[in-house]
Every structure is written in structure tokens, then in C-alpha cells.
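Before any comments, here is the structure.
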Amino acid sequence: MATATTSTSTASSFQFAASSSPQSLPSIRLWPPNSSTRSTLVQRLATHLSAESFFSQRYGRISAEEAGVHAERIEQEAFLAASDHADSEGADIAIVQFYAKEASRLMLECLKKGPSKPVEVAELKAPEIDGVAPSEEALLETVFDISGGNREFLSEESATNLLKDLAVPGNAYTSICFSNRSFGEDAAKAAGKILETVKSQLIKVNLADIVAGRNEEEALSVMSIFSRALAGCNLKYLNLSDNALGEKGVRAFSELLKSQHDLEELYFVNNGISEEAAEAICELLPSSKSLRVLHFHNNMTGDSGAVALSGLVKAACNLEDFRCSSTRVASEGGLALAESLLSGSSLRKLDIRDNPFGVEVGIALAKPLRNFRELKEVYLSYLGFEDEGAESVLEALEHGAPGLEVFEFAGNDLTSNSVKRLSSCIASKPSLTKINLSENDLEDKGVVMICDAIGKGSEHLTELDLSETNIGRIGACAAAKAVASKSKFKLLSLNGNHISETGIESLKLVLGKGTNGTAVLGSLDENDEENAGEDSENEEDEGNVDDELEAQFSNVKV
């Protein structure tokens, strides 16, 4: 259960900022907070508002976009209220505490209202502690997070002091986050003693990035200490990312991993997970049947490691979010992963980009992709599908994933031969908010066809990336025309193409007539004007851009 940050921990972030200042400046003011501190609070509010929690299960989950809007509003209202309070309250710390409590109160109200479009959910009872069900306000006190502020090398004394609230008997913490702090052996032993007293109530543990800067021997010892201290707890969420694990590191966490039978979320991101390490994870983890989220990003997994991981994926028949990106997996491992995905149909997010899969894997992926009716985000960039593999994937997506919102298909060596299928796929997805087709050889003719499909639909689109697609003025203006009237649109990326100076003026002219103007146009600092081809000479008058585009569109059928 992910819940919101406590008012106490919010206030503590201000106190930490003060205590880390030079001792020669004793008169540091805590109020008003600087813009950086306020921005950090907004980010944390947004994260917790959109997280899965007791509130999201009861009232409906707030989307990340809506959470961002609410977070800014809540922080602003809390800041104004605290500023008014400052007129009658002289002590900075009292004002900071008021600011934090007000933000927590407003956040609670927002969570209880749920999303702007409420969903029907089952009524749930709050978990009981010592036979007493806590109030909803008490649920805000369940997250213990020390990740804020600058990175710190912890000693036994500093760790004990930092974790003192977690050591208070009878506390209700169910979630801990120790990331961004580097534990030595003495600090880990002090933390381990405290963790043993609360592990029976923990359901969420984040130990990402806890041994930065330590030598291998000490790092492995620290991991083993945490593993022994937490062994036997019944976790739903475990994050071991950003620790240089390798096989030795994975086995240092063996006692913890072996005791986890009901994990719902597991993260191994940027861990140096080799083939042997991947095999060790599969060996140690007793069950993956409850997994909903599984992330293996930026590792050295390779084909053999992916074959091993495919066993975890196959057993996770209720998987909703799978990430295996930048893991050096080629054809053999890709085929194994594609087959493993056939075991379930509940996937909502798939991120396997930046792997040298090749055409054969693209063809194999088509089969599971047809089954994912709930798929919202798909990241399939830099997989070497080429036209043949891409067409299989696109056809499968066209018949599945009716509510697709994010579609990334960059760097797959596509040519204009795939454009008809690509356009048809996009036309079948009215909920798309982000499309990335960069680094494909689509050319003007292909982009005109694609943008015709976008212009006739995709009313919720906010981003379109056609960078490095070998287009000139015609393609660029077609893209501009397709998005100009969309009220939610924010970013059009056309960098790395061949648009002449006159073509850029035409492009801006088209955007200028639209809802959001030229502000949506991304950087063009790598545009190759010298090779702009027909755009460099004999340009038509700018006023004829619309007519020319209409002529191009008239021959397009999707």
C-alpha cells in the first residue's frame, strides 16, 4: 500500500535543510521555503496522489496528469495559508509544521474525492493494528521515507538518529524508503536492529541505492545485514534498484528473496544483472504468481538471462507492468520473452525498448500483443523490427489495445513501405496522448499519410516526435497541420530533418494559426538546411502552404 508523505516527514525536510547549513550561520530561516523546496514538495505530492493505495482502491486512482495539477494547487493553498499564519505565529518551525499539516489535510481531501471521473470500486476496510482500525488520517502516517535531501554516508550514530521515529514502539509504518543514503556496516547493523522490530508490519520496502561509494566487500556485507533483518516479512513491494549487485549482490539478498511468496511489485533497475545474476533471482524467488509489476531496466542480462527471466514472466499471469529495456537481449532471449507473455492478458504497460531483437522477435510478439485489451502504454523503440517485423506488431496492436495512450516506435528501421499499416494502427487508437516515430526513414510521403490519420483523430494528443525521419518542408508542415488545432497538444519534435529556412517559416505559419501557436515547436538546432532538397529553391509563397497540404492529403486513404 503506497500512501502519502506524512506532515511530520515534510517538516523534517525543512529541518534537514537547516541542519546541513554551515554552523557559522546559526540564524538560518526556515520560512519562507525556497522555490526548490516548494517544487520538491509538489513532486512528492503528485507522486503520492497518483500512487496505488488504500484511497485509490476505495475512491479510484488519480492519473499522473491530474495528480500534477492537484499537487500544484495543494502546495499553493498550503503556502498561502501558512503565510497568513505567519502573521500571528513568530517561530519558523511552527509555520513550517502548519504548512506541512495543511498540505497533508488538502491532500487527504483530494484523495477522498478520487479522480475527476470516478470509477466503481469495492468498499475496503482499513487494515487493523492491534485490533483497532485506524482513521483515514492515520493512514497518512504509514510511510517512513529518508530519501530526501543530499546523499549522505551514514555512520552508526547518524543512522540511529535518522531512524529514531521508526524505532518508536507501536508506530504504524508499513512502508519504508532508505534510498539515496549510503550505509556502512555499522550503520546497517543499527538499521537492522530497528527493522527487526517492525518487519512484521512492513508491506513495502525500498532499498534502492543504499551502498553507493562502498567497496565490494562492505557493500555485500551491508546487503546481507538488511537481508537477514527483513527475512520473513510479507512484502507486496520490493525495490533493490541502483545497487551494483551482480550475482554476488543478488545472493547477498538471498534470505529476504527466499521468504517472499506474495510480491506484487519487484524492481531490479540498473543493477548490473548478468546472466548468472538473472538465474540467481529466478532460483531464489519462490513464486512470481502474484507479480503485477516487474522491472529489469539497464542491465547486462543478455539472451541466457532473458531465457531465465521468461520463467518468472510466464508464472506471473496477472502481470500489468513489464519492463525489460536496455538489457542487451537479442533474438533468442526476445523469442523466449515473447512466448512467456502469452500466459497473461492483463498487461497495461510494456517497455522492452533498446534491445537488438530483430525481425523474428517482432513477428513473435504479434501473438501476445493481440491479447492485451487493457494495454495503455507500449514502448517498442530501437528493437530492429524493420518493415516486416513492424507490420506484424502494428497489425496486432490495431486489433488489440483499444485504449492505447502512449505509442513509442522509434528507431526500428522503418521505411515508407510500412506507412500504410502504421497509419491504420494510429487511426484505430482515439486515446493516444503520445506518439514517437523518430529515427525511422518515413520521408515526406509517409509522414503526410501518418499525419492525415493523426489529424482526423487523436484528439487527446499532447506529443508527437518525428525527429530524424528524413522529411523536408512538406512533411513538417503536414505534422504542424495535424496537431495545430488540438487543444491539449504541447510538443512537436522535428529536429534532425532537412527543412529549409523557408520551410521553417511555413511550418511556423501553420502552427501560428492553431490553438497553441508556435510554442509547441521543439528545438531545430540539428536541422540540416543545406540538404533540404526541393525546399532550398523555388519555394511557393507561404500563403499557399495550406493548399499544397490539402493536395497532398487528398490522395491519402487510411
Side-chain angles (χ1 to χ4, degrees), residues 1-2 143-147 154 159 163 166-167 173-212 214 216-274 276-296 299 308-309 311-312 315-316:
M1 173 176 63
V143 179
F144 185 83
D145 187 349
I146 61 171
S147 63
L154 297 179
L163 305 179
L166 188 61
Y173 292 117
T174 59
S175 173
I176 61 169
C177 179
F178 285 5
S179 62
N180 197 39
R181 304 292 177 141
S182 182
F183 288 80
E185 285 187 88
D186 292 339
K189 289 176 181 177
K193 292 178 181 178
I194 296 173
L195 289 175
E196 287 179 353
T197 67
V198 297
K199 68 179 181 181
S200 63
Q201 66 198 50
L202 295 179
I203 59 174
K204 193 171 181 182
V205 169
N206 187 340
L207 298 179
D209 195 16
I210 59 169
V211 291
R214 308 288 179 177
E216 181 181 288
E217 182 180 358
E218 185 176 26
L220 292 173
S221 177
V222 168
M223 295 174 192
S224 297
I225 292 169
F226 277 113
S227 178
R228 288 192 298 271
L230 291 167
C233 57
N234 187 24
L235 299 180
K236 299 296 183 185
Y237 170 108
L238 178 61
N239 190 340
L240 300 177
S241 301
D242 298 309
N243 294 304
L245 296 178
E247 183 184 6
K248 292 180 181 179
V250 170
R251 295 196 181 279
F253 279 112
S254 61
E255 292 186 53
L256 174 58
L257 290 171
K258 284 180 178 179
S259 63
Q260 300 310 306
H261 295 270
D262 300 308
L263 274 178
E264 295 181 3
E265 299 185 45
L266 179 61
Y267 299 83
F268 281 99
V269 174
N270 192 32
N271 287 123
I273 299 295
S274 61
E276 296 77 12
E279 291 174 350
I281 292 170
C282 299
E283 170 197 330
L284 295 170
L285 196 66
S287 174
S288 61
K289 65 180 181 181
S290 298
L291 281 179
R292 294 183 299 101
V293 180
L294 180 60
H295 282 200
F296 281 88
N299 287 300
L309 291 176
L312 284 181

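For the pair Ser227 and Ala252, the tightest heavy-atom approach, listed with the atom from each and the gap, is CB-O, 3.4 Å. Minimum heavy-atom separation, Leu291 to Glu265: CD2-N, 4.0 Å. For Phe296 against Asn299, the heavy-atom pair with the smallest separation is C-ND2, 3.9 Å. For the residue pair Leu154 and Ala187, the shortest heavy atom distance occurs at O-CB, 3.3 Å. Closest non-hydrogen pair, Glu247 versus Ala277, comes out as N-CB, 3.6 Å. A pairwise comparison of heavy atoms in Asn243 and Met223 identifies CB-CE, 4.2 Å as the closest pair.
Residue pairs meeting the ring-ring contact (aromatic ring centres under 6.0 Å, His included) criterion with at least one member in residues 217-256, sequence neighbours excluded: Phe183-Phe226, Tyr237-Tyr267.
With hydrogens and angles disregarded, no donor-acceptor distance shorter than 3.5 Å links the side chain of Glu255 to the backbone of Ser224. Judged by distance alone, the side chain of Ser221 and the main-chain N or O of Glu217 form no donor-acceptor pair under 3.5 Å. Although no hydrogens or angles enter the test, the distance criterion places a donor-acceptor pair under 3.5 Å between the side chain of Gln260 and the main chain of Leu235. A donor-acceptor pair is defined here as one N or O able to donate and one able to accept, closer than 3.5 Å; such a pair exists between the side chain of Arg214 and the backbone of Ser182. A donor-acceptor pair is defined here as one N or O able to donate and one able to accept, closer than 3.5 Å; such a pair exists between the side chain of Ser259 and the backbone of Gly232. No side-chain donor-acceptor contact under 3.5 Å links Lys189 to the backbone of Ile225.
Residues Ile281 and Phe268 have side chains in contact (heavy-atom distance under 4.5 Å, counting atoms from C-beta outward). The side-chain heavy atoms of Leu256 and Cys233, taken from C-beta on, include a pair separated by under 4.5 Å. Counting heavy atoms from C-beta on, the side chains of Leu294 and Leu309 never come closer than 4.5 Å. Using a 4.5 Å heavy-atom cutoff, the side chains of Lys236 and Asp262 are in contact. Counting heavy atoms from C-beta outward, Val250 and Asn271 have side chains that stay 4.5 Å or more apart. With a 4.5 Å cut-off on side-chain heavy atoms, Leu195 and Ile176 count as touching.
Asn270 and Asp242 share a side-chain donor-acceptor pair at under 3.5 Å.
None of Asn206, Ile210, Asp145 except one satisfies the side chain to side chain contact (heavy atoms under 4.5 Å, CB included) rule with Phe178; the exception is Ile210.
Annotation: salt bridge (charged side-chain N to carboxylate O under 4.0 Å, His left out) contacts of Glu196 (sequence neighbours excluded): none.
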Report the C-alpha distance between Glu283 and Arg251 in whole Å, list the side-chain angles of each, state the deciding distance to 0.1 Å, and finish with yes or no for salt bridge (charged side-chain N to carboxylate O under 4.0 Å, His left out).
CA-CA 10 Å; Glu283 170 197 330; Arg251 295 196 181 279; 2.9 Å; yes
